[in-house]
Amino acid sequence: MIPYKHEPFTDFTQKENEQALLEGFKTIEGYLGQDYPLIIGGERIMTEDKLVSFNPANKEETIGRVSKASRDLAEKAMNVADETFNTWRKMKPEFRADVLFKAAAIVRRRKHEFSALLVKEAGKPWHEADADTAEGIDFLEYYARQMLQLKEGMHVESRPGEYNQFHYIPLGVGVVISPWNFAFAIMAGTTAAALVTGNTVLLKPASTTPVVAYKFIEVLEEAGMPAGVVNFIPGSGSEIGDYIVDHPRTRFVSFTGSREVGTRIYERAAIVNEGQIWLKRVIAEMGGKDTIVVDNDADLELAAEAIVKSAFGFSGQKCSACSRAVIHEEVYDEVVERVEKLAKETTYGDPIDNQSFTGPVIDQASYDKIMSYIEIGKEEGRLVAGGVGDDSKGFFVAPTVFADLAPDARLMQEEIFGPVVGLTKAKNFDEAIEIANNTDYGLTGAVITNNREHIEQAREDFHVGNLYFNRGCTGAIVGYHPFGGFNMSGTDSKAGGPDYLQLHMQGKTTSEML
Ligand SMILES: NC(=O)c1ccc[n+]([C@@H]2O[C@H](COP(=O)([O-])OP(=O)(O)OC[C@H]3O[C@@H](n4cnc5c(N)ncnc54)[C@H](O)[C@@H]3O)[C@@H](O)[C@H]2O)c1
Ligand SMILES: N[C@@H](CCC=O)C(=O)O
């Protein structure tokens, strides 16, 4: 087997690559607006009640109408997953890994189709859609390899006359609940991790991006995944979310999404319901309020670029997005000026056009929330760029910068999840790190500095799960930058890292007298 290497990003300045994505658009146009069923035990079930997925850059364009699971159908899916676990858990790890390798190969062949779908369904610009598809392929390739290592278990000692072994076995039925912002990568990665470790799955994708999830299940089936291993049950969080989390046969929940929903799931999963004979495990990857710190001796152009790209890439809709920057007072004015200039130059519009650096936000609720934070920002700080929106055709918000915010301002504390960044001033590096740590979150952060001592100080004291130096704070790569955060950012489960799969398994010791 060739060693793992991450999937390269596509250079769309090359004519043939541009053409390949345009072909991808043609392919998806062949199925836009279709109806999709649930998939339970391999059976396609069409329901009357549908989730309507539309293009956030053009509300009139329907991407698909996806059947919604009721509680009865969620119960049916649970029974199938529970039953299928009895056989799937006994399948060789090599077989399970091969499903992932094959799925990766299929997605790689259809890469530009998946990216085109992400442009339309999630509103991702070309380069972001391409990165999302590439990350999904990476998860499949990486977790398959990890499983092949873990199948051997871990070495333990044996005394004379005894033979001891330590192995990992699967947990049972996992509920996988995924977000819309990495509609392919996170959905595919969390599902793949659960199934390759021998568990069966109920997958509830985000309601705004269910079509790309359906396409992924088709890929898994084509790759040889037996019926009933992953059961596709889209539906509203409020209608079936609590039901599947609370279910006594749910063995673990793998959730990625907001702090609000994540803490709700964490609390509910702690309750032992009637008929339940285990403590549920919860993997929860939640929000962020991510900070870039700029030191007084930093490369200021690099700092401004890092802030702007991390703040406005995919309209700031990444848990890793830079939503605040803390800048040393000696360079504050110059950095603010450079950020203002770059923000005003940042293009945004319909991502079908590859000239747009960034596109729309996901839906009306998100647009309204971001615009209300912009109003709060006008009270709390000084608007230096953007501040306007247009939701007539799609949900567009201009890249927005507020300067001179107090470190405890709402704009500096609450996750906005939109293209809005707040800037504040620190007296010195110690104070900058203190401010960087003053939120409930702890997901990503970056420090722009040429001071080696400050790099080491930040390494120890900047309390985030993913800390970067002299670059932006987004763009973790599977297998290179294991991803997950501290405090209210979640359980620090480190997706794409060497100890992620173990969270989906339990260790079993056997000791035989010889
Ligand atoms: N830490 C990470 O790795 C990471 C990655 C991506 C996104 N996020 C976070 O996700 C959020 C954005 O995603 P979102 O808007 O899809 O989040 P969300 O919490 O609104 O939804 C996430 C998922 O939870 C489901 N859900 C909603 N209510 C539920 C309930 N009561 N029970 C069970 N499931 C329920 C949704 O339908 C969706 O599938 C941001 O806060 C972002 O920071 C975190
Ligand atoms: N892993 C992604 C963020 C995922 C959350 O939205 C990054 O590193 O930028």
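Start at 1 and go down the list; that is how both ligands and their atoms are numbered.
If you look at ligand 2, the protein residues with a non-hydrogen atom under 4.0 Å away are Asn181, Phe182, Lys318, Cys319, Ser320, Thr474, Gly475, Ala476, Phe483.
Only the side chain of Ile186 comes within contact range of ligand 1, with a heavy atom under 4.0 Å; no backbone atom does. At a 4.0 Å heavy-atom cut-off, ligand 1 touches Met286 through the backbone alone. Under 4.0 Å from ligand 1, the heavy atoms of Asn181 that appear belong solely to its side chain. Counting heavy atoms under 4.0 Å from ligand 1, residue Phe182 does not touch it at all. Contacts with ligand 1 closer than 4.0 Å are made by no heavy atom of Ala495, backbone or side chain.
With hydrogens and angles disregarded, no donor-acceptor distance shorter than 3.5 Å links the side chain of Lys393 to the backbone of Asn58. Remark: side-chain polar atoms of Glu415 are paired, donor with acceptor, to backbone N or O of Gly288 under 3.5 angstrom.
Taking a 4.0 Å cut-off on heavy atoms, Pro205 registers as neighbouring ligand 1. Within the 4.0 Å heavy-atom cutoff, Gly485 does not count among the residues contacting ligand 1.
Annotation: the span from Asp132 atom CG to Leu118 atom CG amounts to 4.5 Å, rounded to 0.5 Å.
Among the atoms of Ser238, none of the N or O lies under 3.5 angstrom from an N or O of ligand 1. Between Ser258 and ligand 1, at least one pair of N/O atoms sits closer than 3.5 Å.
In this structure, Lys280 and Phe252 have side chains that are not in contact, with every pair of non-hydrogen atoms separated by 4.5 Å or more.
With 3.5 Å as the limit, one finds a donor-acceptor pair spanning the side chains of Thr358 and Ser315.
Ring-plane geometry between Tyr243 and His247 is classed as perpendicular, the angle between the planes exceeding 60 degrees on a 0 to 90 degree scale with a lower cut at 30.
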